K.L.:
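So that we are looking at the same thing, I have put the structure below in structure tokens.
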Amino acid sequence: FMIPADADDIHEEYKLLLNELKQYNPELLHKERLLAITKSDMLDDELQEAIAKDLPKIPYVFISSVAQQGLTELKDMIWKHLNHV
């Protein structure tokens, strides 16, 4: 899942995405999940830490395509989950 850092409520956005997934294909709810918090270039370290404390209990990464931050980490996370490394 990808949720922007400037979302009003990241948990609510996550629930919305889960509900959409359930409506699309409920079998996908049993798959492993990863969360990418996008637009993280707008966050300082302190704000990232505050957001991280309140994220759903799934693997997550902060990314920014503009600043090219966290993209390699995200690719590595996806690779590990796909290959069960």
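What you see is a predicted model; the values in this text were computed from it and never measured.
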K.L.:
In residues 50-75, what donor-acceptor pairs under 3.5 Å come from side-chain atoms, sequence neighbours left out?
P.N.:
residue, atom, partner, partner atom, Å
S64, OG, D41, OD1, 2.8
S64, OG, A67, N, 3.0
Q68, NE2, S65, O, 2.6

K.L.:
Sequence neighbours excluded and cut-off under 3.5 Å, please list the side-chain donor-acceptor pairs for residues 13-37, or say none.
P.N.:
residue, atom, partner, partner atom, Å
Y14, OH, R33, NH1, 3.3
N25, OD1, E27, N, 3.1
E32, OE1, H81, ND1, 2.5
R33, NH2, L29, O, 2.7

K.L.:
Quick check: are there more than 12 heavy atoms from other residues, nucleotides or ligands sitting under 6.0 Å from CG of D45?
P.N.:
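No, CG of D45 has 12 or fewer neighbouring heavy atoms, counting only those of other groups under 6.0 Å.
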K.L.:
Say whether M42 and I10 are linked into one hydrophobic cluster, either directly or through other cluster members, by side-chain heavy-atom distances under 4.5 angstrom.
P.N.:
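They do not share one cluster, since no chain of ILVMFWY contacts under 4.5 Å joins M42 to I10.
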